[in-house]
Amino acid sequence: MTKEPLWSPSPQRIAEAQITTYRAWLKQHKGLHFDHYEALWQWSTEEFEAFWESIWEYGEVISHHPYQRVVNQQEMPGVSWFEGATLNFAENILAPGTQAESVNAPAIVAESETRPRVEVSWQSLLEQTGALTASLKQLGLELGDRAVAYLPNIPETAVALLSVSSCGAIWSVASPDMGIGSVLDRFHQLEPKILFTIDGYRYKGKDYDRREVVVDLVKQLPSVETVIFIPYLHASNELDLSSVRKGKPPPVVSYAEIISTPAKPDFTPVPFAHPLWIVYSSGTTGMPKAIIHSHGGTILQSIKHTRLHFDVGPSDRYFWFSSTGWIMWNNVITTLISGATILLFDGNPGYPDLNTLWRYAEREKTTFYGISATFISLCRKAGITPGASFDLSSLRTVGSTGSPLSEEGYRWIYEKVHPDVLLLSVSGGTDPAAGFLSACPILPVYAGEMSCRELGVATYVYDDNGKPVMDEVGELVMTKPIPSMPIGFWGDPDGQRYYESYFNTFPGVWRHGDWLQLIPNPEAVGGIIFGRSDATINRHGIRMGTGEIYRVVESFPEVADSLVVDLEYLGQPSYLALFVVLTDPEAAPASSAEVSGKASTTEKPSLSDTGMPETLRSGIMNKIRTNLSARHAPDEIFAIQAVPYTITGKKMEVPIKKILLGKCAATSANRDSMGNPESIDWFVEFARGRNS
């Protein structure tokens with residue numbers, strides 16, 4: 001049976017698309033002609049050296065020294081790109097603002113629960129960036145130094161990133177809604193010289209004072225030499241650090257004061273592979289991985305996906321809801337390279353109701369509207385009708401990411417939001433800073449499917465034997481290098497952790513940790529993501545490793561051991577289950593039937609029937625919310641007798657996740673490789689009851 005697309009681009013949309021312009025450029029300048037998207041994708045991955053060089057030329061990358069060669073090798077890891085070239089991320093991102101027609105146009109529009117709407121012109125953005133860059137250099141920020149930020153999604157954060165990168169220093173940011181433990185796990189690794197911070201924020205109408213957290217951060221980050229303070233919640237321009245470091249706290253500098261004298265930006269040229277920023281993606285154990293991305297790789301990836309896939313240009317008003325703790329925030333800032341106006345929002349998207357962001361889209365005449373699959377699901381289930389309630393006629397594209405978007409979510413966009421938009425469902429990663437699957441303005445959209453594999457990204461599916469398969473679920477892999485992939489991890493000098501994170505399963509091939517099914521369609525190969533195949537937990541756009549949760553849970557003396565799994569799967573809401581072994585073995589139930597207090601396990605246990613003492617359950621919940629993230633508080637906590645381990649002493653998170661999702665226990669977990677094979681029985685019984 002032939003599938004009918006939910007949407008197909010009009011001839012006008014295809015003709016005006018930037019990817020159409022790029023194809024014409026390839027024909028004129030390179031003598032290359034491609035009849036359809038899939039042929040272009042094949043060339044972009046098979047001849048990836050020529051492809052990325054074309055992006056450099058087509059995107060008119062600003063460089064101070066030319067490159068000597070595009071790439072040194074094809075084998076991963078160890079790939080070096082555009083050797084010899086020197087450039088600067090901020091210079092390329094801000095280039096559209098130097099055009100005469102752009103000077104007075106808005107570069108940033110921001111709205112939040114905490115303060116009124118603010119608009120920043122391109123000229124003002126350039127002047128603020130220049131002023132802050134000069135001040136940072138006066139404060140001693142040098143090439144390769146680290147500057148970290150405890151800031152929300154506001155214009156000052158964008159200016160700080162652009163200024164730090166202008167200096168050739170390295171940027172990292174954490175969202176203020178993250179607890180002190182999570183922030184320190186990230187920043188302590190970096191030994192930062194500069195700390196940007198606010199005093200608090202408002203979320204869902206409630207004020208959150210973060211001044212005590214900031215004091216604690218400064219106490220535990222002895223490398224910080226200067227604190228740059230932005231009053232956001234309170235009117236006072238002062239931050240009291242008198243209790244820090246025995247009466248010798250670092251100076252607190254007013255952000256408003258150090259940008260008060262406009263200056264022309266001064267961009268420090270750096271090598272293509274010079275570190276730009278550090279983002280975080282956790283494994284199952286240990287500290288969060290501090291992933292380093294480069295100036296050059298980020299520039300090229302931004303040109304490619306913003307123009308050719310997202311089809312964003314100077315006339316666009318681009319919005320994607322994100323906190324600063326998610327790679328999508330970085331994506332929003334890099335979209336400035338297209339000349340578009342970026343729209344920022346800091347606050348709860350569901351406060352005072354789920355129409356908040358739709359009202360924002362109407363007010364700002366948004367053309368590109370990015371949200372999460374979770375938010376789409378909430379709107380759909382709440383029965384709201386944005387298209388009927390608001391004027392969304394300016395919309396051209398709706399983006400979705402964070403988790404798989406169901407078929408119902410696809411249909412809801414076209415039925416209740418806008419009948420003629422490109423639904424751009426994208427799946428990528430913090431780690432590669434790129435999309436594996438995406439959409440394209442010249443391709444149709446099918447319900448539940450991402451439209452295509454992203455240009456230049458050799459995305460395939462491997463079975464358990466490492467063989468490529470089509471139209472069946474397997475491991476998402478990338479078989480060729482891309483410029484935006486990490487240049488390494490901070491604190492991993494020999495690259496061992498980097499290698500083990502991506503290349504240990506299939507040597508020379510990047511294994512991402514997603515279940516993917518590639519689907520051949522007439523126009524291009526699309527795909528469906530079926531959740532995580534590893535144990536990293538992505539809740540509402542914030543990724544966190546299970547190891548971070550274990551450190552909090554197992555700090556309780558009543559807890560002997562623990563296991564956490566996120567049962568995210570296509571079309572189902574995220575369900576985070578925490579299993580704990582109590583120090584007092586007599587307190588834990590022997591079977592899942594005892595957990596529910598019933599002779600049968602056909603009913604899903606409630607929180608009060610999980611075998612957990614109420615005071616301990618509440619204590620764990622509160623500590624996770626405070627030290628890590630409220631978004632990672634488990635849906636339910638269950639008391640168990642034992643955590644399943646391998647012979648080598650590793651918690652069996654992925655096998656347990658598969659079992660709880662209804663997969664066969666015999667193929668999910670090899671009892672012969674377990675140190676305590678009897679422990680698996682509890683989860684088999686529990687899964688039978690949960691899935692029945």
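Numbers for residues simply follow the sequence, beginning at 1.
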Please confirm whether Lys480 makes a cation-pi placement over Phe48, using NZ or CZ under 6.0 Å from the six-membered ring centre and within 45° of the ring normal. no
Value for CD1 (Ile333) from CE (Met328), rounded to nearest 0.5 Å, stands at 11.5 Å
Quick one: are the ring centres of Phe272 and Tyr67 less than 6.0 Å apart?
no
One should read off an interatomic distance between Arg453 CZ and Tyr460 OH, to the nearest 0.5 angstrom, of 5.5 Å
**Item:** Side-chain heavy-atom pair Leu567, Lys657 within 4.5 angstrom cut-off
**Value:** yes
The reported gap from CD1 in Ile19 to CZ in Phe310 (rounded to nearest 0.5 angstrom) is 13.0 Å
- Task: Without swapping roles, check the side chain of His188 against the backbone of Leu184 for a donor-acceptor pair under 3.5 Å.
- Result: no
Are Ile303 and Asn92 packed together at the side-chain level, in the sense that at least one heavy-atom pair is separated by less than 4.5 angstrom?
no
*Val565 versus Phe683: any side-chain heavy-atom pair under 4.5 Å?*
no
Give a yes or no on this: more than 12 heavy atoms of other residues, nucleotides or ligands lie within 6.0 Å of atom CD of Gln73.
yes
Rounded to the nearest 0.5 Å, the CG atom of Asp311 sits from the NE2 atom of His305 at a distance of 12.5 Å
Scan side-chain atoms only and decide if Asp431 and Tyr502 contain a donor-acceptor pair under the 3.5 Å cut-off. yes
Heavy-atom side-chain contact between Ile170 and Leu190 under 4.5 Å
no
Residues Glu49, Arg69: salt bridge by 4.0 Å N-O rule: no
Give me the ring orientation class for Phe89 and His295: parallel if the planes are under 30° apart, tilted from 30 to 60°, perpendicular past 60°. perpendicular
Parallel, tilted or perpendicular: which one describes the rings of Tyr37 and His309, with boundaries at 30° and 60°?
perpendicular
Less than 3.5 Å apart, any donor N or O on the side chain of Ser54 or Tyr22 sitting next to an acceptor on the other? yes
**Study point:** Crowding at CG, Asp464 (>12 non-hydrogen neighbours, <6.0 Å)
**Key:** no
CG (Asp514) and CG (Leu437) are apart, to the nearest 0.5 Å, by 9.5 Å
Has Gln18 got more than 12 heavy atoms of other residues, nucleotides or ligands less than 6.0 Å from its CD? yes
* Show your working on side chain to side chain contact (heavy atoms under 4.5 Å, CB included) between Lys651 and Asp561 and close with a plain yes or no. => CA-CA 10 Å; Lys651 296 183 182 184; Asp561 204 355; 3.2 Å; yes
Does NZ or CZ of Lys30 fall inside the cone over Trp43's six-membered ring, less than 6.0 Å from its centre and within 45° of the axis?
-> no
When rounded to the nearest 0.5 Å, the distance separating CZ of Arg511 from OH of Tyr462 is 13.5 Å
- Is a side-chain donor-acceptor pair under 3.5 Å present for His293 with Asn330? no
Review point. With a 3.5 Å cut-off and no angle check, do the side chains of Tyr58 and Thr21 form a donor-acceptor pair?
Key: no
If only atom types and distance count, is the side chain of Thr86 paired as donor or acceptor with the main-chain N or O of His65 below 3.5 Å? yes
